[in-house]
Chemist: 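Dropping a structure here in structure tokens format, bear with me for questions.
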Number of protein chains: 2
Amino acid sequence: MPDVYRALGDSTRRGILSMLKHGNKTQKELVKAFDISQPAIKKHLNILLEEKIISESWDGKYRIYSLNPEVLQIAYNEVHQYIGELLDNQLVSLKNYVEKGEFQDELD
Amino acid sequence: MPDVYRALGDSTRRGILSMLKHGNKTQKELVKAFDISQPAIKKHLNILLEEKIISESWDGKYRIYSLNPEVLQIAYNEVHQYIGELLDNQLVSLKNYVEKGEFQDELD
DNA sequence: AATACATATAACTAATTGGTTATATGTGAA
DNA sequence: TTCACATATAACCAATTAGTTATATGTATT
């Protein structure tokens, strides 16, 4: 189960994903686009690979990276549903609170 | 700018939020619900507070925690839009790839 | 005033993260 | 085959995280 929060929890990684959405990129292109070293970029790529958000392949001496849309879709659904549920019910209980002034009281 | 990825990036914190969606809770109730120590729970609560996802107040000797639906809504919009954009364009470029076999080639 | 108990905080540990520099490896071109 | 260069990996550092135990603080109750 890929951890989307881990994958998206860093702005460099989000930047990488935003670049990849415009088409596959070589590692060299990604390194050039950010102000950090090649090994640092590779570590971010490794995290995205671990979480299965991207794939890598070879093209001669170039490493090619691409998004995995299916996994992204699953991640999207997961986050969407989790936060969505939190929000819906919270609006209901906010409404209850305002209307009835009640809150949970199961102390001891 | 609250970091929603940090806030939601831990399953205990997501569990806490899920409890709070059913109504405000005391710290004691939250501690009882998880299998970790009171200080550990308090640390999670502090992170959620730092990211403004929840609020705390006093009720006698009890600490009361509640969701901040407005901040959650902003978080939701942010994540929703970011991943949504990634997905849309990726579907387009996937389509291009399948149809034309092309991928980015701006080496050197 | 003394006790009980909810909460806060301090000090510690182990693992992870985000970065670095230095160096090794592998492929393509001269 | 040698050189250039894209990538991989190792060793290191500082900060953060997720937990622990021990202890202090503050409020309520007796």
Side-chain angles (χ1 to χ4, degrees), chain A residues 1-20 23-66 103-108, chain B residues 1-20 23-66 103-108:
Chain A
M1 59 264 349
D3 183 344
V4 60
Y5 303 104
R6 180 184 181 222
L8 299 186
D10 176 273
S11 75
T12 299
R13 284 197 290 276
R14 291 194 295 275
I16 289 173
L17 294 177
S18 294
M19 283 189 69
L20 292 182
N24 299 343
K25 295 280 176 286
T26 65
Q27 185 180 128
K28 195 194 158 200
E29 291 175 292
L30 295 171
V31 168
K32 193 165 35 175
F34 296 88
D35 212 28
I36 58 180
S37 65
Q38 176 261 326
I41 291 291
K42 177 57 176 161
K43 282 193 186 181
H44 286 302
L45 291 169
N46 283 341
I47 287 176
L48 292 170
L49 286 165
E50 277 175 39
E51 303 303 342
K52 311 264 194 269
I53 303 283
I54 65 174
S55 299
E56 64 179 8
S57 62
W58 284 107
D59 179 26
K61 63 178 170 179
Y62 297 100
R63 267 294 197 195
I64 307 291
Y65 292 92
S66 53
F103 80 83
Q104 221 77 349
D105 212 25
E106 322 148 6
L107 315 178
D108 287 48
Chain B
M1 57 269 341
D3 184 344
V4 59
Y5 302 106
R6 180 184 182 222
L8 300 186
D10 175 273
S11 75
T12 298
R13 283 197 290 277
R14 291 194 295 275
I16 288 172
L17 295 177
S18 294
M19 283 188 69
L20 292 183
N24 299 342
K25 294 280 176 287
T26 64
Q27 185 179 128
K28 195 193 159 200
E29 290 175 291
L30 295 170
V31 168
K32 193 165 38 177
F34 296 89
D35 213 27
I36 59 180
S37 66
Q38 176 261 325
I41 291 290
K42 177 57 176 161
K43 283 193 183 179
H44 284 302
L45 292 169
N46 283 340
I47 287 176
L48 292 171
L49 286 166
E50 277 176 39
E51 303 304 341
K52 311 264 195 270
I53 304 285
I54 64 173
S55 299
E56 65 180 6
S57 61
W58 283 108
D59 180 24
K61 63 179 171 179
Y62 297 101
R63 266 295 195 192
I64 307 292
Y65 292 92
S66 52
F103 80 83
Q104 221 77 346
D105 212 25
E106 323 147 7
L107 313 179
D108 287 47

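Chain naming here is simple, since letters A, B, ... match the order of the sequence lines and numbering starts at 1 in each.
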Chemist: Measure the distance from NZ on A:Lys25 to C1' on D:dA6 and round it to the nearest whole Å.
Modeler: 17 Å
Chemist: Is B:His44 close enough to D:dT17 that one of its side-chain N or O atoms is under 4.0 Å from OP1 or OP2 there?
Modeler: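 It does not, given that no N or O in the side chain of B:His44 lies less than 4.0 Å from OP1 or OP2 of D:dT17.
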Chemist: Do A:Phe34 and A:His44 make a side-chain contact, defined as non-hydrogen atoms from C-beta onward lying under 4.5 Å apart?
Modeler: no
Chemist: Just compare D:dA6, C:dT20, D:dT20 and give me whichever is closest to any side-chain atom of B:Ser37.
Modeler: D:dT20
Chemist: If you define the side chain from C-beta out and look only at heavy atoms, does anything of A:Tyr65 sit under 4.5 Å from A:Lys25?
Modeler: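 Of all side-chain heavy-atom pairs linking A:Lys25 with A:Tyr65, none is under 4.5 Å.
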Chemist: Find the distance between NZ (A:Lys61) and OG1 (A:Thr26) and round it off to the nearest 0.5 Å.
Modeler: 11.5 Å
Chemist: Between C1' on D:dT9 and CD1 on A:Ile41, what's the gap in Å once rounded to a whole number?
Modeler: 16 Å
Chemist: Write down the distance between NZ (B:Lys43) and P (C:dA14), rounded to a whole number of angstrom.
Modeler: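 To the nearest whole Å, that distance equals 14 Å.
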Chemist: What's the CG-C1' distance between B:Leu45 and D:dA18, to the nearest Å?
Modeler: 14 Å
Chemist: Using a strict heavy-atom distance below 4.0 Å, which residues from residues 3-15 of chain B are in contact with DNA chain D?
Modeler: B:Arg6, B:Asp10, B:Arg13
Chemist: Nearest to the B:Ile47 side chain among D:dA18, D:dA6, C:dG18, which nucleotide is it?
Modeler: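 Minimum distance to the B:Ile47 side chain belongs to D:dA18.
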Chemist: Closer to the 5' end of DNA chain D via nearest nucleotide, is it B:Glu50 or B:Asp35?
Modeler: B:Glu50
Chemist: Once you round to the nearest 0.5 Å, how far does CD1 of A:Ile54 lie from CD1 of A:Ile16?
Modeler: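 Spacing of CD1 (A:Ile54) from CD1 (A:Ile16) equals 7.0 Å.
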Chemist: Nearest 0.5 Å, please: how far is CG in A:Leu8 from CD1 in A:Ile47?
Modeler: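 Between atom CD1 of A:Ile47 and atom CG of A:Leu8 there are 12.0 Å.
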Chemist: Check nucleotides 22-30 of chain C for protein N or O atoms closer than 3.5 Å to its own N or O atoms and list the pairs.
Modeler:
none

Chemist: Specify the separation, in whole Å, of atom NZ of B:Lys32 and atom P of C:dT7.
Modeler: 11 Å
Chemist: So, do B:Leu49 and B:Glu56 sit near enough that their side-chain heavy atoms are less than 4.5 Å apart?
Modeler: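 Result yes, sub-4.5 Å side-chain heavy-atom pair found.
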Chemist: Using whole Å, report how far CD of A:Glu56 lies from P of D:dA8.
Modeler: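 Atom-to-atom, A:Glu56 to D:dA8, this comes out as 6 Å.
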Chemist: Among A:Lys43, A:Lys32, A:Gln27, whose side chain to side chain donor-acceptor pair (under 3.5 Å) with A:Gln38 holds?
Modeler: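 Among A:Lys43, A:Lys32, A:Gln27, the one that satisfies the side chain to side chain donor-acceptor pair (under 3.5 Å) with A:Gln38 is A:Gln27.
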Chemist: Which value, rounded to the nearest 0.5 Å, describes the distance between A:Asp10 atom CG and B:Asp3 atom CG?
Modeler: 9.5 Å
Chemist: Nearest whole angstrom, please: distance from the P of D:dG19 to the CZ of B:Phe34.
Modeler: 10 Å
Chemist: With DNA chain D as reference, determine whether A:Gln27 or B:Ala40 sits nearer its 5' end, using the nearest nucleotide of each.
Modeler: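 Mapping each residue to its closest nucleotide by heavy atoms, the 5'-most match is A:Gln27.
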Chemist: Between CG of A:Asn24 and CG of A:Asp59, what distance do you get to the nearest 0.5 Å?
Modeler: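 Taking CG in A:Asn24 and CG in A:Asp59, the distance rounds to 10.5 Å.
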Chemist: Starting from C1' on D:dC5, measure out to NZ on A:Lys28 and report it in whole angstrom.
Modeler: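 Taking atom C1' of D:dC5 as the reference, NZ of A:Lys28 is at 9 Å.
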Chemist: Nearest to the side chain of A:Lys42 - D:dT9, C:dT9, C:dG19?
Modeler: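 Nearest nucleotide to the side chain: D:dT9.
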